[in-house]
Asks: 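This structure is in structure tokens; I'll ask about it shortly.
Each chain gets a letter, A, B and so on, in the order the sequences are listed, and its residues count up from 1. Every heavy atom of this structure was used, including side-chain atoms; hydrogens, water molecules and symmetry mates were not. If you're wondering where the values come from, they're calculated on a predicted model, not measured in any experiment.
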Amino acid sequence: MDDLDLLTVAQNWRGEGREVAVATVVSTWGSSPRPAGSHLIVDGEGRIEGSVSGGCIEGAVVREALEVMAGEPPRLLEFGVSNEEAWEVGLACGGRVEVYVEALA
Amino acid sequence: MRLDLLERTLEARSQKRRVCHLRFLDSHEEALVVDGAEVTGRALSPTLEEAVDAALRHDRSGTVDADEGRVFLEVMNPPLRLLVVGAVHIAQALVPMALRLGYAVTVVDPRRAFATEDRLPGVPIRHDWPDEALHDLLPDRRTAVVTLTHDPKLDDPALHEALGSEAFYIGALGSKRTHAGRLERLTALGHDAAALARIHGPAGLDIGAVSPAEIAVSVLAEMTAALRRRG
């Protein structure tokens, strides 16, 4: 599914009364699997559509998304080899990526 | 993300307008620019307006440092287009794959026996002559044109018209011998060597493709390279 269609998914989920968060790749350095503008859509129960990496940081992004949907302000996350915690969640491709996570409201 | 801006984004997109959504990463504000003119949300500084214009032109989303701080520009241009001339067997493999790649596909074939909705479900089919159809469809920098008929009466007028456009990819199916003859005819129509070099013929990367689906893969791979590797 391309990233434009993911925005349609976000709108549909919202229309069904679900809480929705939008995670967006806003910058990348080095080798990273998904380009800027890639989206991961998350609902209040942690269901997802789309991706912001090859699958290695989605779990961490979903946790942040749940907090944002609970009313916290949007946040900018950074994952990469320079970040030990991110290394643990496994962006093993050697790149660095910034992901902006916000609620749809 | 503001729901009203999301709704406006989707509406503008369905009208094939050029959309740029801006996220101000420091202040968490947003703005939406439609067709470079209509601005909703926060007003933009002149440098940011320029950045939006450049991002739309290059069809590339990314983060910029502006007077407003760091801003993420999400570019949503109208879909890429693929104009297929010839509703032949290979078209039946090529069309669904191209749709999956995100192309808006139109098939042109005046031969009504070939170009039926049964054979090519879900895409617009035009029965006018390829040169008239292409003239009408106005291929632009985000359009690819592929001719599949092997019939000079149909392929040649389409290629003649495509060469007069900015199409990012022009491909013509057919053997090397067929292609040599085609180039001679197009030269006679006034196209010089530089123009003719724009035609990928025989269309497709040389991967030894045999079946229609394999040929479709080779053509779409070559088309993707032309799109992504350019300047």
Side-chain angles (χ1 to χ4, degrees), chain A residues 1-30 32 34-43 49-50 52 61 64-65 67-69 71-78 80 95-105, chain B residues 1-32 41 51-52 55-56 58-66 69-80 97-104 142 224 227-228:
Chain A
M1 188 175 307
D2 74 29
D3 292 296
L4 295 180
D5 285 337
L6 288 166
L7 294 180
T8 306
V9 171
Q11 186 191 39
N12 291 344
W13 284 7
R14 190 81 189 121
E16 291 166 13
R18 291 149 79 168
E19 291 293 323
V20 179
V22 178
T24 308
V25 175
V26 298
S27 63
T28 64
W29 294 265
S32 63
R34 300 284 287 132
S38 302
H39 291 295
L40 176 74
I41 309 295
V42 186
D43 82 357
E49 195 69 65
V52 288
V61 172
E64 303 279 344
E67 292 179 18
V68 166
M69 279 183 275
E72 297 203 14
R75 53 188 66 176
L76 187 61
L77 311 173
E78 189 183 329
R96 203 146 62 88
V97 56
E98 272 187 319
V99 178
Y100 189 70
V101 184
E102 64 197 319
L104 182 62
Chain B
M1 186 175 187
R2 280 168 49 176
L3 188 58
D4 61 330
L5 295 189
L6 173 64
E7 284 166 352
R8 179 69 189 118
T9 295
L10 296 176
E11 181 190 36
R13 229 184 67 194
S14 70
Q15 297 161 342
K16 308 253 189 278
R17 294 174 190 279
R18 307 192 315 154
V19 180
C20 186
H21 178 267
L22 295 85
R23 289 173 177 83
F24 298 84
L25 299 179
D26 302 325
S27 64
H28 305 314
E29 289 170 285
E30 292 170 55
L32 193 71
V52 167
L56 283 166
H58 296 122
D59 195 30
R60 191 168 297 163
S61 300
T63 301
V64 297
D65 288 307
R70 288 186 78 209
V71 185
F72 176 64
L73 311 181
E74 182 172 354
V75 171
M76 288 164 276
N77 273 320
L80 297 158
M97 289 186 203
L99 291 172
R100 190 65 189 77
L101 289 178
Y103 288 87
R142 294 173 50 75
T224 303
L227 174 72
R228 297 300 177 196

Asks: Determine, step by step, whether B/Arg70 and A/Leu76 satisfy the side-chain contact (heavy atoms from CB on, under 4.5 Å) criterion, reporting the C-alpha distance in whole Å, the side-chain angles of both residues, the deciding distance to 0.1 Å, and the verdict.
Replies: CA-CA 11 Å; B/Arg70 288 186 78 209; A/Leu76 187 61; 3.8 Å; yes

Asks: Taking the side chain as every heavy atom from C-beta outward, state whether B/Glu74 and A/His39 have any pair of such atoms under 4.5 Å apart.
Replies: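 Yes - at least one pair of side-chain heavy atoms lies under 4.5 Å apart.
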
Asks: Do A/Thr8 and B/Arg13 have side chains that get closer than 4.5 Å, going by heavy atoms?
Replies: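 Side-chain contact under 4.5 Å: yes.
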
Asks: Quick one: does A/Pro74's side chain get under 4.5 Å of B/Arg23's, heavy atoms only?
Replies: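 When only atoms from C-beta onward are counted, B/Arg23 and A/Pro74 do not touch, as no gap falls below 4.5 Å.
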
Asks: Between A/Gly37, A/Ala10, A/Pro73, which residue shows the highest count of heavy-atom pairs closer than 4.5 Å to chain B?
Replies: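 The option with the most such pairs is A/Gly37.
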
Asks: CD of A/Glu98 to OG1 of B/Thr63: how many Å apart, nearest 0.5 Å?
Replies: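 Between A/Glu98 CD and B/Thr63 OG1, I get 6.5 Å after rounding to 0.5 Å.
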
Asks: Indicate the atoms forming the closest heavy-atom contact of A/Val25 with B/Phe72, along with that distance.
Replies: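 What the structure gives for the nearest pair is O-CZ, 3.5 Å.
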
Asks: Would you mind checking which part of A/Thr28 comes under 4.5 Å of any heavy atom in chain B, side chain (CB onward), backbone (N, CA, C, O), both or neither?
Replies: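 A/Thr28 has no heavy atom closer than 4.5 Å to chain B.
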
Asks: So which heavy atom on B/Phe24 is nearest to which on A/Tyr100, and how close?
Replies: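 B/Phe24 and A/Tyr100 have their closest heavy atoms at O-OH, 4.3 Å.
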
Asks: Any heavy-atom pair between the side chains of B/His21 and A/Leu7 that's under 4.5 Å?
Replies: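 A side-chain contact is absent here, since even the closest heavy-atom pair is not under 4.5 Å.
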
Asks: Any chance you could measure A/Glu102, atom CD, to B/Arg2, atom CZ, to the nearest 0.5 Å?
Replies: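 Going from CD on A/Glu102 over to CZ on B/Arg2, the span is 11.5 Å.
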
Asks: Under a 4.5 Å heavy-atom cut-off, does chain B meet the side chain of A/Val26, its backbone, both or neither?
Replies: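 For A/Val26, backbone and side chain are both near chain B.
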
Asks: Enter the distance from B/Leu3:CG to A/Arg14:CZ here, rounded to the nearest 0.5 Å.
Replies: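 Those atoms lie 6.5 Å apart.
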
Asks: Could you have a look at A/Ala103, A/Ala105, A/Pro35, A/Ser27 and say which one has the most heavy-atom pairs with chain B under 4.5 angstrom?
Replies: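 The option with the most such pairs is A/Ala105.
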
